[in-house]
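This report concerns only the one structure given below.
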Amino acid sequence: TAVLDCHNLIMTPIYASSVGARRMLARANLLILLLVVVAMISLFVGARFGLILALGLALGMTLEGLRFGFAGPWRAIILRREPAGFIAQLAAIGVVAIIASPLLASNSAELVGAYAPVGVAMVGGAFVFGLSMQLVLGCGSGTLVNAGSGNAVGLLVLPFFAIGSFAGAYHLNWWIELGTTPILTMSELFGPVGGLVVTLLSLFFIALIALRWAPIEHRKIPRRMWIAALAVAALAALHLIVSGQPWGVVYGLGLWTAKATQLFAMDLTGSMFWAAPAQQVRLAQTIFSDVTSLTNIGLVLGAFAIATWRGDLGRDRITLPLIGWGTAIIAGLLMGYSSRLAFGCNVGAFFSGISTGSLHGWVWLVAAFVGSFLGVRLRPRLGME
């Protein structure tokens, strides 16, 4: 017994050291692989596109690594009056607005905001999206991050989200004809400086209301949330500067499905959206030259890298009844379809819309939040808890 105990004392540190060495080697190989992917895009597509992919990777790592999201914090404030995550979102939007507002005003030829009109379909689409994202606990970026981290629901929802996005774009013009306002921006309504001031004050008052509504024990914002908000804001601002457009998600997913239809020689001329010359050019090019596609790929790979690094890739063993899996599929389709009608998801409409001064971003927030209230209530009834 004494000999065995002595053997174990000697071998345990050696085994632990061996496991640790293998883990570090695997992590090093993972980082090298990601660098190689970025380098390949830079070499064959262009340095700018390689940098956009790198920003997507950083966003995916931040969202997964610091547990920063959109659907979850909305659920937390609705169910438990916990405002930390939602206030962090508002803070990130405010930081981006401070950076983006002067850039957009002085570089209108090179940079564009996430501008869209307000209309019947836009409001309805935002409502349906808010409802659906609560069913699967993931918005557009959340679905990509969940899929990258090995979440079974995220992996199931992602392809149906892409199909829905394609279909929503296919029918978009029909929905727009139901009626929309002209595109309105805060700078047009209040001037460049006034628009920024109104945006920041509005964000502040919403955050204050959320904070005062919360119980005292839930009013403290964890430091992790502030770090995540600043990191996401910095990366979103860099994305605007490098790519010339705000951070978005939905278009890239629809484009993937549209390109897949080409394998089956599907005729897209029946859609004013996909038949437009600009979209035909995109369809003829590689997805690695599309800004939104690169960012989306980066989100998935970044989340995968963090989950692999931590050793919890696909750790959550999700068991749902049949109705739950069916709900996930339908919710994915609805999220993709409705987000196209609403001109974006939490990222493209709420985050980027408000931070670049689009009035539709505020309307989207209200409609999607009302939808989220219903989605939170429906979630357990549809087998998703």
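- Thr295 and His239 are linked by a side-chain donor-acceptor pair at a separation below 3.5 angstrom, with hydrogens and angles left out of the test.
- Phe343 pairs by the ring-ring contact (aromatic ring centres under 6.0 Å, His included) definition with nothing, not counting sequence neighbours.
- Asn146 places no side-chain N or O within 3.5 Å of a backbone atom of Asn151 that could act as its donor or acceptor partner.
- For the pair Gln89/Phe68, a side-chain contact is recorded, criterion being any heavy-atom separation below 4.5 Å from C-beta on.
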Run the side chain to side chain donor-acceptor pair (under 3.5 Å) test on Ser202 and Trp362 for me, step by step, so that the C-alpha distance in whole Å, both residues' side-chain angles and the decisive distance to 0.1 Å come before the verdict. CA-CA 10 Å; Ser202 300; Trp362 292 104; 5.7 Å; no
For Met335 and Thr143, what are the C-alpha separation, side-chain angles and deciding distance, and is it a side-chain contact (heavy atoms from CB on, under 4.5 Å)? CA-CA 10 Å; Met335 286 169 66; Thr143 297; 3.7 Å; yes
Full working for ring pair (Phe, Tyr, Trp, His ring centres under 6.0 Å) between Phe369 and Phe86: CA-CA 11 Å; Phe369 224 106; Phe86 180 60; 5.5 Å; yes
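- Of all heavy-atom pairs spanning Gly357 and Tyr115, the tightest one is C-CE2, 4.5 Å.
- Between Leu131 atom CG and Leu135 atom CG the span is 5.5 Å, to the nearest 0.5 Å.
- The ring-ring contact (aromatic ring centres under 6.0 Å, His included) test applied to Phe161 returns no partner, not counting sequence neighbours.
- Within the 3.5 Å criterion, the main-chain N or O of Gln285 finds a donor-acceptor partner in the side chain of Lys259.
- When atom types are taken as modelled, the side chain of Arg340 and the backbone of Val250 share no donor-acceptor pair closer than 3.5 angstrom.
- Between the side chain of Thr181 and the main chain of Val118, a donor-acceptor pair closer than 3.5 Å is present.
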Under the side-chain contact (heavy atoms from CB on, under 4.5 Å) criterion, do Asn346 and Trp364 qualify, and how do the steps go? CA-CA 9 Å; Asn346 294 68; Trp364 193 99; 3.5 Å; yes
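- Looking at Met122 and Val363, their side chains come closer than 4.5 Å, going by heavy atoms from C-beta outward.
- Although no hydrogens or angles enter the test, the distance criterion places no donor-acceptor pair under 3.5 Å between the side chain of Thr180 and the main chain of Ile176.
- Trp74 pairs with exactly one of Phe373, Phe129, Phe350 by the ring-ring contact (aromatic ring centres under 6.0 Å, His included) rule, that one being Phe350.
- A donor-acceptor pair is defined here as one N or O able to donate and one able to accept, closer than 3.5 Å; no such pair exists between the side chain of Ser187 and the backbone of Pro192.
- The existence of a salt bridge linking Glu64 and Arg67 is confirmed by a sub-4.0 Å separation between a basic side-chain nitrogen and an acidic carboxylate oxygen.
- Atom CZ of residue Arg381 and atom CD1 of residue Ile323 lie 12.0 Å apart, to the nearest 0.5 angstrom.
- Scanning for side chain to side chain donor-acceptor pair (under 3.5 Å) contacts around Arg282 gives Tyr251, Asp290, with sequence neighbours left out.
- A donor atom on one side chain and an acceptor atom on the other are not found under 3.5 Å apart for Thr356 and Ser358.
- Judged by distance alone, with hydrogens and angles left aside, the side-chain atoms of Ser355 form a donor-acceptor pair with the main-chain N or O of Phe351 at under 3.5 Å.
- To the nearest 0.5 Å, the span separating CD on Gln279 from CG on Leu255 amounts to 7.5 Å.
- Rounded to the nearest 0.5 angstrom, Thr327 OG1 and Leu322 CG are separated by 9.0 Å.
- The neighbour count for Phe304 CZ, taken as heavy atoms of other residues, nucleotides or ligands under 6.0 Å away, does not exceed 12.
- With 3.5 Å as the limit, one finds a donor-acceptor pair spanning the side chains of His171 and Tyr337.
- For the pair Leu320 and Val153, the minimum side-chain heavy-atom distance is below 4.5 Å.
- The 12-atom threshold is exceeded at CG of Leu263, counting heavy atoms of other residues, nucleotides or ligands nearer than 6.0 Å.
- Distance alone, capped at 3.5 Å, places no donor-acceptor pair between the Ser352 side chain and the Ala349 backbone.
- Of all heavy-atom pairs between Leu253 and Ala162, the closest is O-CB, 3.5 Å.
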Determine, step by step, whether Phe127 and Leu374 satisfy the side-chain contact (heavy atoms from CB on, under 4.5 Å) criterion, reporting the C-alpha distance in whole Å, the side-chain angles of both residues, the deciding distance to 0.1 Å, and the verdict. CA-CA 9 Å; Phe127 173 84; Leu374 181 57; 4.0 Å; yes
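- Remark: Arg27 pairs with no residue by the side chain to side chain donor-acceptor pair (under 3.5 Å) rule, at least two apart or across chains.
- Residues Phe190 and Val197 have side chains not in contact (no heavy-atom distance under 4.5 Å, counting atoms from C-beta outward).
- The ring-ring contact (aromatic ring centres under 6.0 Å, His included) check on Trp274 picks up Phe166, with sequence neighbours excluded.
- Between atom CG of residue Leu294 and atom CG of residue Leu55 there is a gap of 10.5 Å, rounded to the nearest 0.5 Å.
- Note that the CD1 atom of Ile87 and the CD1 atom of Ile209 stand 11.0 Å from one another [nearest 0.5 Å].
- Put simply, the side chain of Ser149 gets close to the backbone of Val145: a donor and an acceptor are under 3.5 Å apart.
- Checking side-chain atoms of Thr286 against main-chain N and O of Ser289 turns up no donor-acceptor pair under 3.5 Å.
- The heavy-atom pair separating Ser141 from Trp247 by the smallest distance is CB-CZ2, 4.3 Å.
- What you find for Ala214 and Arg219 is that their closest heavy atoms are O-NE, 3.0 Å.
- Residues Leu59 and Ile241 do not share a hydrophobic cluster, clusters being chains of Ile/Leu/Val/Met/Phe/Trp/Tyr side chains in contact below 4.5 Å.
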Step-by-step side-chain contact (heavy atoms from CB on, under 4.5 Å) determination, Leu51 to Ser42: CA-CA 7 Å; Leu51 184 53; Ser42 301; over 6 Å; no
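- Looking at residues two or more places apart in sequence or on another chain, you find a side chain to side chain donor-acceptor pair (under 3.5 Å) between Glu385 and Arg75, Arg379.
- The nearest pair of heavy atoms linking Thr292 to Gln245 is OG1-NE2, 3.5 Å.
- Side-chain atoms of Met266 and Leu268, non-hydrogen and from C-beta on, do get closer than 4.5 Å to each other.
- Contact between Asp267 and Tyr170 at its shortest, heavy atoms only, is O-OH, 4.1 Å.
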